[in-house]
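For reference, the structure is listed below as structure tokens.
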Number of protein chains: 4
Amino acid sequence: MKLVDHRPRGRRRDPALDDLILDHTLAMFANGGYESVSIEGVAARAGVGKATIYRRYPTKAALIVAAVRERLCLVDQLPDTGDLRADLVTMMSPLVRRLLSPDGPMLIAFMAERFREPELEAEFERSVVGRKRVHMRKLLRDAVERGDLAPDTDIEISAEMLPALIWYRALNHLPFEADFAEVVVDQLLEVRAPL
Amino acid sequence: MKLVDHRPRGRRRDPALDDLILDHTLAMFANGGYESVSIEGVAARAGVGKATIYRRYPTKAALIVAAVRERLCLVDQLPDTGDLRADLVTMMSPLVRRLLSPDGPMLIAFMAERFREPELEAEFERSVVGRKRVHMRKLLRDAVERGDLAPDTDIEISAEMLPALIWYRALNHLPFEADFAEVVVDQLLEVRAPL
Amino acid sequence: MKLVDHRPRGRRRDPALDDLILDHTLAMFANGGYESVSIEGVAARAGVGKATIYRRYPTKAALIVAAVRERLCLVDQLPDTGDLRADLVTMMSPLVRRLLSPDGPMLIAFMAERFREPELEAEFERSVVGRKRVHMRKLLRDAVERGDLAPDTDIEISAEMLPALIWYRALNHLPFEADFAEVVVDQLLEVRAPL
Amino acid sequence: MKLVDHRPRGRRRDPALDDLILDHTLAMFANGGYESVSIEGVAARAGVGKATIYRRYPTKAALIVAAVRERLCLVDQLPDTGDLRADLVTMMSPLVRRLLSPDGPMLIAFMAERFREPELEAEFERSVVGRKRVHMRKLLRDAVERGDLAPDTDIEISAEMLPALIWYRALNHLPFEADFAEVVVDQLLEVRAPL
DNA sequence: ACATAAGCGAGACGGTACGTCTCGTCTTCTG
DNA sequence: CAGAAGACGAGACGTACCGTCTCGCTTATGT
């Protein structure tokens with residue numbers, strides 16, 4: 001006895017269009033940010049009807065969120081080798097590298113946008129930032145337990161420190177090098193390690 | 001011998017209107033951010049012709065920039081008492097307090113806006129952030145010379161650390177207390193102090 | 001073998017709106033002439049978006065042209081019974097009647113407008129005045145051939161005489177009676193008839 | 001005992017400006033008609049403040065009326081030699097000549113404008129057309145009395161005929177020659193003269 | 001086989017805001 | 001006081017998108 005069978009009826013959505021739409025969305029977002037994306041523009045460039053977009057995303061904001069989430073895949077590995085320094089560098093250096101890559105400006109634009117669009121904010125928190133935060137705290141807690149970190153370390157604050165520093169420099173257009181992750185980790189660890 | 005005479009000709013701009021316009025702009029910005037400000041709305045609420053606004057600001061963006069710059073005066077004191085911990089707390093706690101005040105959301109909205117408007121960015125860097133940064137570095141350098149801070153301290157990174165942490169939490173809507181400035185300063189200093 | 005297919009694509013324009021728009025345009029034109037028509041006004045009164053009007057007419061002028069052309073149908077019959085006097089009266093008296101009717105002021109306003117808008121001029125010439133002119137000349141030429149009119153009659157001038165007199169009086173707000181067409185025709189014919 | 005002294009006090013209006021203003025008004029009117037005249041444009045081109053114009057003419061319409069009345073002096077001679085044909089030609093041919101001159105288009109534009117601006121209409125009627133009409137009727141009445149014209153001639157209609165024909169052709173952009181006045185007069189007179 | 005659903009490109013629709021322009025009025029300062 | 005300059009409230013201009021809604025067509029079941 002099946003309560004729901006609900007196999008899809010009628011014509012199926014064309015998956016090729018998903019890509020096409022997100023591609024053009026991202027392209028427009030890349031040069032000009034949120035305001036320079038227009039659904040009508042995306043539709044025209046993608047050779048697609050507006051309804052085809054609205055069928056997938058209820059709103060311009062949702063479209064952009066999806067485009068960035070899908071394409072700017074910011075979900076990196078969450079390593080746990082027991083070597084705190086190595087794990088921290090492994091977590092943060094992909095972010096540094098991407099910020100320095102051609103994608104950098106777009107990432108920064110998106111990060112800024114994210115502070116303005118609650119919807120974007122929530123989505124991003126859920127799928128990207130949140131998991132990193134949780135993992136980061138675990139690494140720090142373990143290190144404290146192992147005695148690799150001073151016992152009075154404020155986990156809450158320390159876990160934020162790395163991303164905070166990296167994003168702060170990026171958003172403020174302050175320069176940093178490819179090895180910035182390592183430098184920061186060293187600065188922080190050196191002194192937080194028990195003597 | 002006058003190089004420039006350029007005395008103002010014609011009727012003067014009414015300074016009362018400057019205020020009126022910025023007031024309503026800020027009010028609209030405060031509840032809804034950039035997109036919920038409309039020049040037509042500001043004009044209507046202020047009982048002012050649209051031209052009167054456009055005469056002052058060429059663009060909606062420029063209007064908002066001006067409103068925030070003029071009203072959200074973020075320039076705090078730059079103390080230098082020789083007591084590093086006290087000076088750092090003095091510098092940062094006004095920011096924390098404002099972020100927790102009713103103005104907080106607006107400050108955050110503005111900070112996000114600032115990452116999108118190069119003009120706003122530059123202006124803000126010049127008049128607010130830049131001066132703080134310079135002063136912060138001086139404080140740290142002096143502390144290192146006095147021996148209050150380890151000699152291998154990376155001034156560049158350490159100077160950014162406090163604002164980075166505070167803004168990162170604020171922009172990400174992570175909670176923090178009124179004493180957050182002190183807590184962070186303690187965390188950072190405790191361990192950077194030579195044993 | 002189809003040269004053009006050009007089947008209509010997308011949603012069709014709502015014909016009811018065509019009417020609605022022209023109605024309100026004409027109403028506004030009727031009391032105040034060209035300057036008192038405003039696209040925003042028409043849109044508001046018709047409960048229609050401005051774009052819906054601009055999609056149909058590129059310009060305020062074009063809108064008014066269309067409204068008058070469509071609604072003030074000035075194309076009358078072009079009779080040819082062989083009775084010159086009767087035919088002339090048949091051609092001209094509808095014009096006289098309309099000029100004396102409530103529509104009169106609007107007709108006059110439009111005629112004045114027509115001298116200012118080349119587009120309106122051309123359109124009107126093509127679809128209304130021109131055909132009348134041609135027919136009028138034919139009537140006169142035939143009458144000359146029949147011997148009902150003096151052989152040295154200047155067709156060119158005589159054909160213009162009736163409309164010229166009627167419009168001149170109307171445009172200059174000189175009074176005339178309902179039988180003005182007959183009076184003028186009589187005056188002109190009486191003496192142009194061979195003795 | 002003087003009830004009013006009211007000698008003009010303060011600076012006198014600069015008469016040179018009267019000219020300057022009307023010149024530029026007419027120039028703008030000449031290429032584009034009513035709508036392409038703007039007080040702000042006239043002021044700018046004449047190097048004059050807007051108030052200087054508004055001090056002289058209460059309204060854009062009034063300005064244009066004045067410009068045309070002052071500059072397009074349409075007041076011709078009103079001859080009465082006893083020779084009807086000669087007098088009619090003398091009255092009408094200056095108009096024909098001007099319509100064919102470079103001023104022609106402007107005259108036509110103004111005539112069209114005049115049908116739209118009641119103020120302009122009235123002014124023009126009073127100072128130009130009216131006097132011509134009265135004189136024309138007198139010429140015709142005298143001719144009838146002298147027996148140069150059939151006694152059943154409709155003075156009212158006949159007096160309008162010449163200007164009606166000329167203006168009708170001009171306003172409708174129908175071609176005519178420099179001798180059009182004579183041709184029309186001949187056509188009309190030839191047959192109206194008693195045999 | 002053929003109705004029944006959707007998906008799709010196109011584009012009309014009611015709105016809202018943009019930034020520009022002119023109107024006619026009103027200061028402000030100079031000659 | 002007249003004059004040049006120009007600010008001011010008002011409001012229309014024509015443009016651009018928003019998110020929704022037909023259209024006629026194509027593509028897939030389910031009967």
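Every chain is numbered from 1, with letters handed out A, B, ... down the list of sequences.
The distance between atom OH of A/Tyr54 and atom P of F/dC17, rounded to the nearest whole Å, is 12 Å. When the C1' atom of E/dC13 is taken as reference, atom CZ of C/Arg13 falls 11 Å away, rounded to whole Å. Note: CD1 (B/Ile53) to P (F/dG9) measures 9 Å, nearest angstrom. The CG-P distance, from A/Leu17 to F/dT26, rounds to 17 Å in whole Å. Distance, D/Leu63 CG to E/dT22 P: 15 Å, rounded to whole Å. Note: CD (C/Glu35) to P (F/dC13) measures 11 Å, nearest angstrom. The CG-P distance, from B/Asp18 to F/dC8, rounds to 8 Å in whole Å. Atom pair C/Ile64:CD1 and F/dC13:C1' shows a separation of 13 Å (rounding to whole Å applied).
Proximity note for A/Thr59 (side chain, C-beta onward) versus F/dG19, F/dA2, E/dA12: the nearest is F/dG19. Counting only heavy atoms from C-beta on, A/Ile39 has its side chain closest to F/dC18 among F/dC18, E/dG7, E/dG9. If you check F/dG19, E/dC18, E/dG24 against the side chain of A/Lys60, the one that comes closest is F/dG19. Here F/dG9 is the nucleotide among F/dC21, F/dG9, E/dG24 with the atom lying nearest to any side-chain atom of B/Thr52. Nearest to the side chain of B/Arg56, among E/dC23, F/dT20, F/dC8, sits F/dC8. Closest approach to the B/Arg9 side chain among F/dC13, E/dT20, F/dA5 is made by F/dA5 (side chain taken as heavy atoms from C-beta onward).
Taking the six-membered ring for Trp and thresholds of 30 and 60 degrees, A/Phe115 and B/Phe115 have ring planes inclined between 30 and 60 degrees apart.
Two residues, B/Gly41 and A/Gly49, neighbour DNA chain E, and the one matched to the more 5' nucleotide by heavy-atom proximity is A/Gly49. Sequence order on DNA chain E of the closest nucleotides to B/Glu40 and B/Arg12 puts B/Glu40 first from the 5' end. Sequence order on DNA chain F of the closest nucleotides to A/Gly10 and D/Arg55 puts D/Arg55 first from the 5' end.
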Criterion salt bridge (charged side-chain N to carboxylate O under 4.0 Å, His left out) on B/Asp18 and B/Arg56, from CA distance to verdict:
CA-CA 8 Å; B/Asp18 294 334; B/Arg56 289 163 165 75; 2.4 Å; yes
After noting the C-alpha distance and the side-chain angles of C/Arg71 and C/Asp23, does the key distance pass the salt bridge (charged side-chain N to carboxylate O under 4.0 Å, His left out) rule?
CA-CA 8 Å; C/Arg71 295 307 166 79; C/Asp23 283 349; 2.3 Å; yes
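At the heavy-atom level, B/Val42 lies nowhere under 4.0 Å from the strands shown.
In summary, of the residues considered (A/Leu20, A/Asp14, A/Leu17), a side chain to side chain contact (heavy atoms under 4.5 Å, CB included) with A/Thr52 occurs for A/Leu17 alone.
The nearest pair of heavy atoms linking A/Met28 to A/Ser38 is CE-N, 3.8 Å.
One N or O donor and one acceptor, one from the side chain of C/Arg11 and one from the base of F/dC21, sit under 3.5 Å apart. Looking at A/Lys50, its side chain has no donor and acceptor atom pair within 3.5 Å of the base of E/dG11.
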